[in-house]
Amino acid sequence: MSISIPAAVLAGCTTALLLQPAAVAVDGSSSPTATLRTSVGGGSVTSLAFDAGGALAPRETRPFELLGVVWDGAPDALAQGSVRIRTRDSTTGRWSDWRPLEADAADAPDTVPHGATAPLWAGRSDGVAVDVRPGPAGLPRGLRVELVDPGQGAATADRRTLPERPAGPTDTAGRPEIVTRAGWGADESIREAGFGYTGPVRAVFVHHTASATDYACSDAPRIIRAIYQYHVQSNGWRDIGYNFLVDRCGTVYEGRAGGVDQPVLGAHTLGFNSNSAGVAAIGTYTSDVPPQALQDGLAKIAAWKLGLTGQMAGGTTRLTSSSDGSRYPKGTVVDFDTISGHRDGFATECPGGALYARLPAIRSAALILQDG
């Protein structure tokens, strides 16, 4: 089956292809309705009807760089199914191999508005194919593919980097240099205006973004903008889920808004978002070993963030599960390392086996930074 729409280029957009049951001819001869949403700074969403088969044959699209699959209703509706995608490189015209999307994304607020896979960074692409294999319950309603073009980012004259700062009376490790939201071009008009806060941060959960590992570090702001747009405009979250992100060159980026030195409530580890911070390594570290610079960046931000509340990077802490969707039933008190992996709180591969194996070394490096 194939469905075509005119190709177009926008400064920044999210394209949604609806996989909802609909009467669509196998030769693509039908004329499905499309709706377009736009936002300040360049975001847009285009929705197209699709049939109930759960397959989208290769087709041309407007350019995009990140994609994911979203649906209405229960977040775990595809937990027993599978989703895979192929994309076409807009420069070479070559199609990628089939790549899986994690069907039950665990980077989430404790109250999830609807279901979504984890997003996948595809690079500049202009074609997509999707194959959805539903579980016993069948295809969830409102199933759609979200194609995100991060655009050039919002123009701003604000300070773009917080400089490195030595340890002070309120922390045990110096603050690393942090690229602000203005620095990576966040469009502040698309997030909720207010901020959410939690209790003192007692743990840092390490994640990976499941994107390519061979990206140029100069592209990291584009990747972050795309994740931000997907989390807000596709998932319906108030802001990007992570509190911080770190690229393969070790650069640290501010994530969710509200103040880097404040206990901002994130959406990163279902059930354990309270009293914690989420830090995402940009890339996929299932088998690819994270570069030393990336590990150093993770250690620096974790040491500083934990030090603000007197938590030792090599210690342990207790958190209480707030969701039955986590690894532990709601109300369970769990002992965590103060620097833990996402998989410690949720049944997921994140942050990848190769990065998870480096957490002991990252804890040691962070503890050395705290000890001065």
Side-chain angles (χ1 to χ4, degrees), residues 64-68 82-87 89 91-92 94-107 117-125 148 150 176 179 184 204-228 230-231 240-253 255 268-269 278-302 337 339-366:
F64 65 95
E65 298 185 39
L66 177 143
L67 74 163
S82 65
V83 184
R84 59 178 188 161
I85 59 93
R86 294 181 69 198
T87 55
D89 187 291
T91 300
T92 66
R94 295 193 184 97
W95 284 89
S96 71
D97 294 332
W98 285 104
R99 289 177 284 182
L101 293 178
E102 186 176 345
D104 187 16
D107 299 344
T117 68
L120 177 72
W121 179 260
R124 198 68 176 170
S125 305
V148 182
V179 177
W184 53 262
V204 168
F205 286 101
V206 177
H207 304 252
H208 68 173
T209 60
S211 52
T213 54
D214 58 352
Y215 58 90
C217 291
S218 58
D219 284 336
R222 297 182 64 81
I223 297 173
I224 297 171
R225 288 199 304 273
I227 295 172
Y228 169 51
Y230 183 78
H231 283 179
I240 192 171
Y242 309 115
N243 297 102
F244 300 94
L245 301 96
V246 182
D247 70 21
R248 64 194 304 270
C249 293
T251 302
V252 179
Y253 299 84
H268 49 82
T269 306
V279 181
I282 301 175
T284 300
Y285 300 102
T286 303
S287 56
D288 290 349
V289 176
Q292 187 60 51
L294 171 57
Q295 297 180 50
D296 292 343
L298 292 170
K300 289 176 182 178
I301 190 61
D337 290 312
I339 299 178
S340 288
H342 186 186
R343 65 174 65 177
D344 294 320
F346 194 92
T348 176
E349 190 178 73
C350 184
L355 178 52
Y356 190 79
R358 299 304 300 163
L359 290 188
I362 291 171
R363 292 185 194 108
S364 296

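Starting from 1, each residue takes its place in the sequence as its number. As the structure is a prediction and not an experimental result, all values here were calculated from the model.
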If I take atom CG from residue Leu66 and atom OG1 from residue Thr87, how far apart are they, to the nearest 0.5 angstrom?
11.0 Å

Distance-only, no hydrogens or angles: does the Thr284 side chain make a donor-acceptor pair with backbone N or O of Ala212 under 3.5 Å?
no

How far apart are the closest heavy atoms of Ala366 and Ala299, and which atoms are they?
CB-O, 3.6 Å

Backbone N or O of Asp214 within a donor-acceptor pair of the Arg248 side chain at under 3.5 Å?
no

Hey, could you give me the CZ/CD1 distance between Phe244 and Ile301, rounded to the nearest 0.5 Å?
4.0 Å

Taking every non-hydrogen atom, the tightest pair across Leu245 and Gly255:
CD1-CA, 4.1 Å

Between Pro150 and Arg222, which heavy-atom pair has the shortest distance, and what is it?
CB-O, 3.5 Å

Can you check whether Ile339's main-chain N or O pairs, donor with acceptor, with Asp337's side chain at less than 3.5 Å?
no

Just by distance, do the side chain of Ser125 and the backbone of Gly123 share a donor-acceptor pair under 3.5 Å?
yes

Could you measure the distance from the OG1 atom of Thr213 to the OH atom of Tyr285? Nearest 0.5 Å is fine.
6.0 Å

Quick check for you: to the nearest 0.5 Å, what is the distance between Asp219 atom CG and Arg225 atom CZ?
9.5 Å

For Ile227 and Thr209, what are the C-alpha separation, side-chain angles and deciding distance, and is it a side-chain contact (heavy atoms from CB on, under 4.5 Å)?
CA-CA 9 Å; Ile227 295 172; Thr209 60; 3.9 Å; yes

Taking every non-hydrogen atom, the tightest pair across Ile282 and Ala220
CD1-CB, 4.2 Å

Run the side-chain contact (heavy atoms from CB on, under 4.5 Å) check on Arg343 and Thr348 step by step: do they pass?
CA-CA 5 Å; Arg343 65 174 65 177; Thr348 176; 4.3 Å; yes

Option from Val279, Asn243, Ile240 for which side-chain contact (heavy atoms from CB on, under 4.5 Å) with His268 holds
Asn243

Only distances under 3.5 Å count here; give the side-chain donor-acceptor pairs of residues 353-360 to other protein atoms, sequence neighbours excluded, each with its distance to 0.1 Å.
residue : atom : partner : partner atom : Å
Tyr356  : OH   : Asp344  : OD1          : 2.6
Arg358  : NE   : Gln295  : OE1          : 3.1

In short, Gly68 meets Tyr230 closest at the heavy-atom pair CA-OH, 3.4 Å

Tell me every residue that passes side-chain hydrogen bond (donor to acceptor under 3.5 Å, both in side chains) with Thr286, counting only those two or more places apart in sequence or in another chain.
Glu349

Using only atom types and a distance under 3.5 Å, with no angle test, would you say the side chain of Arg86 pairs donor to acceptor with the backbone of Ser96?
yes

side-chain contact (heavy atoms from CB on, under 4.5 Å) with Ile223: which of Tyr228, Trp121, Tyr253?
Trp121

Spell out, as yes or no, whether a donor-acceptor pair under 3.5 Å connects the side chain of Tyr242 to the backbone of His207.
no

Looking only at non-hydrogen atoms, find the nearest pair between Leu294 and Asp247 and report the distance.
CD1-O, 3.4 Å

Can you tell me how far the CH2 atom of Trp98 sits from the CD1 atom of Ile85, to the nearest 0.5 Å?
8.0 Å

